[in-house]
Amino acid sequence: MKTYRPQDLTEILHLRPTQIYRLIQNGELAAVNVSSGTRRARYIVTEEELRDFLQRRTVRKANPTRPNPYVRRWR
């Protein structure tokens with residue numbers, strides 16, 4: 001099983017480390033705390049959790065045959 005540290009995720013997701021930690025703290029990105037509990041938290045993210053996160057964040061293209069009702073049509 002492949003795992004990633006938050007520092008690795010900054011390169012993969014093109015985010016700052018603080019943004020990665022915020023995603024973990026908010027529960028949007030599942031991570032495991034592997035520290036002994038007496039020090040600062042050390043997180044790892046599994047490849048499966050990263051895939052799930054990316055799938056939830058993927059934007060799908062709208063149906064092109066259906067007109068967008070929010071676009072104003074000029075005459």
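Values in this document were obtained by computation on a predicted structure and should not be read as measured data. The analysis underlying the following values was restricted to heavy atoms, covering all of them including side chains, and did not include hydrogens, waters or symmetry mates.
Around the CD atom of E47, the shell of radius 6.0 Å holds more than 12 heavy atoms that belong to other residues, nucleotides or ligands. Within 6.0 Å of atom CZ in R16, 12 or fewer heavy atoms from other residues, nucleotides or ligands are found, so the atom counts as exposed in its surroundings. Few gaps surround CD on Q7; more than 12 heavy atoms of other groups in view lie less than 6.0 Å from it.
For the pair R22 and E28, the minimum side-chain heavy-atom distance is 4.5 Å or more. Side-chain contact between L9 and L29 is present, with heavy atoms from C-beta onward closer than 4.5 Å. Using a 4.5 Å cut-off on side-chain heavy atoms (C-beta onward), R57 and L23 make contact. Here the side chains of Y43 and V32 are not in contact, with every heavy-atom distance at 4.5 Å or above.
The closest donor-acceptor contact from the side chain of R5 to the backbone of V45 lies at 3.5 Å or more, if one exists at all.
Atom CD1 of I24 sits about 11.0 Å away from atom CD of E49, to the nearest 0.5 Å.
A chain of hydrophobic side-chain contacts below 4.5 Å, direct or via other Ile, Leu, Val, Met, Phe, Trp or Tyr residues, connects Y21 to L54.
Under the side-chain contact (heavy atoms from CB on, under 4.5 Å) rule, Y4 has a single partner from I12, T46, I20, I44, which is I12.
Nearest heavy-atom pair, A41 versus S35, reported as atom, atom and distance to 0.1 Å: CA-OG, 3.9 Å.
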